Amino acid sequence: MTADPILDPLNAAQRAAVTAPLAPALVLAGAGSGKTRVLTHRIAWLIGTHQVSPQSILAVTFTNKAAGEMRTRVERLLGIAPGVLWIGTFHGIAHRLLRRHWREAGLIESFQIIDAEDQQRLIKKLLKAEQLDETRWVPREIQWFINTNKDAGHRPQGLKSGNDPTRAQMIRLYGLYEAACARSGVVDFAELLLRSFELWRDQPAVLQHYRQRFRHVLVDEFQDTNSIQYAWLKLLVGSQSCPFVVGDDDQSVYGWRGARVENLQQFGRDFPAAQLFRLEQNYRSTGAILAAANGLIANNAGRLGKTLWTSGAQGEPIRLYAAFNERDEAEFVCQRIREHVTRGGVHRDIAVLYRSNAQSRVFEEIFLATRVPYRVYGGLRFFERAEIKDALAYLRLLVNRSDDASFERVVNLPTRGIGAKSLETVRAAARVTGSSLWEATQACLGEALGARASTAMRGFLELIERLTAEIHGLDLHEQVDRMLAATGLIEFHQRDKAERGEARAENLEELVSAARGFGAERSDTDLPPLEAFLAHVTLESGDGQADAWEDSVQMMTLHTAKGLEFPIVFLCGMEDGLFPHQRSIGTLEGLEEERRLCYVGMTRAMRQLYLTYAEQRRLHGIDNFSQPSRFIKETPEELIEEIRPRIQVSRPVAAGRFAEDGGVHGAVSYRRTGYPGRSSHAEPAAPGMRLGARVRHGKFGEGVILNLEGSGPQARVQVNFERQGTKWLVMQYANLEPL
Ligand code: ATP
Ligand code: MG
């Protein structure tokens with residue numbers, strides 16, 4: 001028998017699934033059992049063994065990163081590049097469709113995608129125009145109303161108010177929001193899905209084309225599809241294609257965003273002939289990790305029920321660390337990471353997972369101070385930073401003048417003397433004529449706008465027109481560079497002498513690098529480079545910085561970690577109220593979703609799993625004293641080894657509070673002494689030098705002590721200087737003066 005690269009690396013159950021007849025199929029299996037592997041090998045098998053044309057395959061994954069990996073795997077299995085294979089996320093594929101069929105979809109050719117923040121700005125603007133009070137009509141709630149309705153496939157015309165005036169108002173705002181989006185030529189995330197669903201529903205010729213083409217539709221993480229995604233799939237699949245979906249009901253974690261785990265059962269009803277495959281062997285985790293995860297998830301009722309076992313070793317116990325506060329927690333994690341690296345390990349083997357994005361900050365601070373390289377996936381990502389969004393707004397305006405949100409963002413940035421009153425005049429004119437702000441400004445020049453405002457506005461319009469002409473035909477990174485130079489954005493931030501200004505200027509320069517690194521091949525569409533780049537950053541932000549070439553600790557929320565695996569995992573912030581999250585504790589449904597999220601987190605670990613919690617935590621500026629997460633208690637005790645430092649509390653020291661921006665929120669900071677392998681922070685290294693003390697440095701000015709390490713001449717001190725930011729200094733040379 002000759003070696004078969006596609007089937008040999010599979011166990012019998014996996015092989016049965018991969019080689020299933022060309023008919024609907026559902027693979028229902030637990031974490032790490034090879035679902036994603038099966039999906040990938042199925043694609044390779046269809047092409048390589050069944051001579052299916054790559055053209056006729058559509059694969060949907062959960063992240064762009066996963067899509068990239070799947071493509072590479074298929075290429076490796078087949079030894080050739082399956083060129084035209086469509087692999088992407090629901091949003092990515094919907095985007096691709098709308099770009100191809102913008103006319104049929106009722107969009108403008110240069111439509112731009114807006115993210116959640118832009119969406120909220122737009123809603124706020126609407127409320128203002130309608131003179132509605134934001135405290136009564138909370139933008140976030142309206143946003144939620146709009147998005148959940150889109151996810152459920154509802155347009156405002158189809159919604160009933162049921163004589164509820166509040167609801168009637170929400171529906172009206174939804175309608176106004178739609179109109180505003182259409183005017184600006186922008187499309188939000190939920191719209192991408194709904195619009196492409198409607199495209200197929202209302203344009204039989206288009207649907208027919210794709211039904212003919214995509215004979216094989218494969219979906220990973222099927223348990224997290226929402227109503228509109230499932231409806232979209234069903235439309236496409238029709239009665240002739242072969243949907244092949246894989247999922248795990250225990251890993252459904254997007255119920256709060258409209259995902260319907262019921263789709264797993266619905267699939268069985270919609271495709272009664274579908275074959276069901278189960279995979280039971282876990283290849284990812286040690287016996288201990290798997291037993292812990294199984295023990296935890298057993299607390300959920302109403303599961304579809306699966307068994308999961310491993311032939312691997314029991315491995316090390318789950319380690320539990322009780323930290324005093326969030327800094328202590330981060331220091332512990334940092335210490336363990338450094339030990340791992342000292343022993344020859346690499347940073348990228350380690351994931352720090354948390355429930356809320358805000359938790360990353362303290363880790364980042366400590367990693368920065370101790371030079372541990374790290375990457376934050378999701379959360380405040382590069383492309384979401386304000387200065388980057390400003391720059392992107394300029395770029396958007398260059399390709400689409402009707403993009404009102406971008407217009408508003410940069411019309412007076414850097415300041416060019418365009419006041420709120422002039423802007424209001426323009427907005428009013430735009431409302432009356434139903435035109436874009438750009439057009440309205442042109443009409444107002446010299447008329448509704450006074451002489452000075454007209455000059456300023458004209459300057460802005462001319463800048464955009466001139467830039468558009470100038471960058472034509474340049475390489476993408478040159479276009480970005482030219483825009484930064486012409487708009488003066490970099491100098492604008494450089495003039496801000498605080499460290500923040502410097503960092504922002506650096507980020508803008510980084511944008512040029514990002515543009516240089518953006519290969520046209522990373523784009524799904526035939527768009528011109530600048531537009532492809534803009535679509536890419538909105539749709540795929542976060543993936544960009546996650547490039548694997550750099551060895552760094554991987555930090556992300558539990559939601560983002562779905563589908564991934566790491567040799568060592570730290571599950572941090574295991575406290576009731578944080579995880580399970582406060583707003584989910586109240587309902588059984590909510591709590592079970594949190595428990596599944598914890599199951600997802602635990603099953604990311606291959607060799608070692610750490611659980612950590614803080615007895616006291618400052619989050620969003622408030623100190624919380626919380627109980628360890630109930631999920632710790634639900635994990636079989638015999639699998640857990642507690643890391644017990646000698647409890648010997650040094651006196652609590654009040655640390656000063658710093659500006660939000662400075663990064664460090666002062667907290668009452670307790671120190672525990674005697675933790676093995678860690679220097680003690682308890683005893684003052686010099687008179688007056690204790691945590692939280694104010695000191696003055698000859699060059700850096702005044703600051704507050706954040707950290708002390710070591711003793712004697714080697715003692716190091718970390719100070720947060722008001723002007724210069726946080727620095728580590730050697731006590732001996734620092735000549736700090738206590739204040
Ligand atoms: P999740 O539910 O977390 O998405 P999954 O079911 O998709 O997990 P995979 O990611 O496909 O699981 O596989 C988990 C790990 O086990 C991967 O490292 C994969 O390469 C490995 N694996 C899967 N099947 C086998 C096999 N038959 N032999 C060896 N390793 C395997
Ligand atoms: Mg998977």
Side-chain angles (χ1 to χ4, degrees), residues 3-19 26-45 59-70 72-74 76-77 87 89 218-225 244-254 259 261 264 277-287 289-290 292-294 296-297 303-304 306-313 315 348-349 351 353 548 554 556 558-569 571 596-607 609:
D4 182 338
I6 298 174
L7 297 182
D8 287 351
L10 302 172
N11 66 29
Q14 294 172 333
R15 204 172 301 148
V18 165
T19 59
L26 166 66
V27 179
L28 178 67
S33 59
K35 293 182 298 301
T36 303
R37 179 183 275 224
V38 161
L39 199 89
T40 313
H41 285 241
R42 169 83 169 179
I43 297 173
W45 179 80
V60 188
T61 61
F62 208 72
T63 61
N64 294 294
K65 188 171 182 316
E69 277 166 19
M70 195 168 282
T72 319
R73 291 278 304 157
V74 172
R76 215 177 299 143
L77 286 171
I87 301 186
T89 61
L218 302 95
V219 187
D220 199 359
E221 307 274 1
F222 183 72
Q223 75 279 357
D224 276 325
T225 48
F244 187 96
V245 307
V246 312
D248 177 3
D249 58 311
D250 288 332
Q251 294 186 71
S252 153
V253 291
Y254 281 100
V261 64
L264 277 170
F277 296 92
R278 290 176 181 275
L279 313 173
E280 304 195 322
Q281 182 170 0
N282 172 294
Y283 287 92
R284 179 180 293 147
S285 310
T286 61
I289 293 168
L290 198 59
N294 282 340
L296 173 86
I297 200 67
R303 303 166 56 213
L304 295 180
K306 290 181 300 284
T307 25
L308 208 52
W309 57 276
T310 172
S311 66
R348 80 174 77 87
D349 278 356
L353 308 182
Q554 318 281 300
M556 66 195 82
L558 289 151
H559 281 99
T560 309
K562 200 163 60 116
L564 307 178
E565 60 188 19
F566 310 91
I568 303 174
V569 167
L571 259 183
R596 290 193 293 269
L597 194 56
C598 188
Y599 175 79
V600 165
M602 288 180 168
T603 53
R604 298 311 96 198
M606 298 161 80
R607 292 202 314 264
L609 173 63

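Note that ligands are numbered from 1 as they come in the structure, with each ligand's atoms numbered from 1 the same way. Everything numeric in this text was worked out from a predicted model, so none of it was measured.
Rounding to the nearest 0.5 Å gives a distance of 6.0 Å between CZ of Arg73 and CZ of Arg37. Distance check, rounded to the nearest 0.5 Å: NZ of Lys306 to OG of Ser33 gives 8.5 Å.
Considering Arg604, Gln223, Lys562 only, the shortest heavy-atom separation from atom 3 (O) of ligand 1 involves Arg604. Around atom 23 (C) of ligand 1, the closest heavy atom drawn from Gln251, Glu565, Arg37, Arg284 belongs to Arg37. Scanning Tyr599, Tyr283, Phe62 for the heavy atom closest to atom 25 (C) of ligand 1 points to Tyr283.
The protein heavy atom nearest to atom 24 (N) of ligand 1 is Gln14 NE2, 3.0 Å. For atom 9 (P) of ligand 1, the nearest protein heavy atom (residue, atom name, distance) is Gly34 CA, 3.7 Å. Counting only heavy atoms of the protein, atom 5 (P) of ligand 1 lies nearest to Lys35 N, 3.4 Å.
Of all heavy-atom pairs spanning Leu290 and Trp309, the tightest one is CD2-C, 3.7 Å. Scanning all heavy atoms of the two residues, the minimum distance from Ala259 to Gln223 falls at CB-O, 4.4 Å.
Side-chain rings of Tyr254 and Phe62 approach one another, their centers coming within less than 6.0 Å.
Screening Ile568, Thr286, Thr603, Val569 against Leu609 for a side-chain contact (heavy atoms from CB on, under 4.5 Å) leaves a single residue, Val569.
Residue contact annotation: Asp248 has no non-hydrogen atom under 4.0 Å from ligand 1. Taking a 4.0 Å cut-off on heavy atoms, Gln281 fails to register as neighbouring ligand 1. Within the structure, the closest approach of Gly563 to ligand 1 falls below 4.0 Å when heavy atoms are considered.
Near Pro9, meaning under 4.0 Å from any of its heavy atoms, are these atoms of ligand 1: 26 (C), 27 (N), 28 (N). Every atom of ligand 1 with a heavy atom of Gly30 under 4.0 Å away is listed here by number and element: 6 (O). Those atoms of ligand 1 with a heavy atom of Asn11 less than 4.0 angstrom away are 27 (N).
Put simply, the side chain of Ile87 reaches to within 4.5 Å of the side chain of Thr61, judged on heavy atoms.
A distance-only check finds no donor-acceptor pair linking the side chain of Asp349 to the backbone of Phe566 [under 3.5 Å].
For Gly32, a nitrogen or oxygen atom sits less than 3.5 Å from a nitrogen or oxygen atom of ligand 1, counting backbone and side chain alike.
Side-chain contact check for Thr36 and Asp220: at least one donor-acceptor pair (N or O, by modelled atom type) lies under 3.5 Å.
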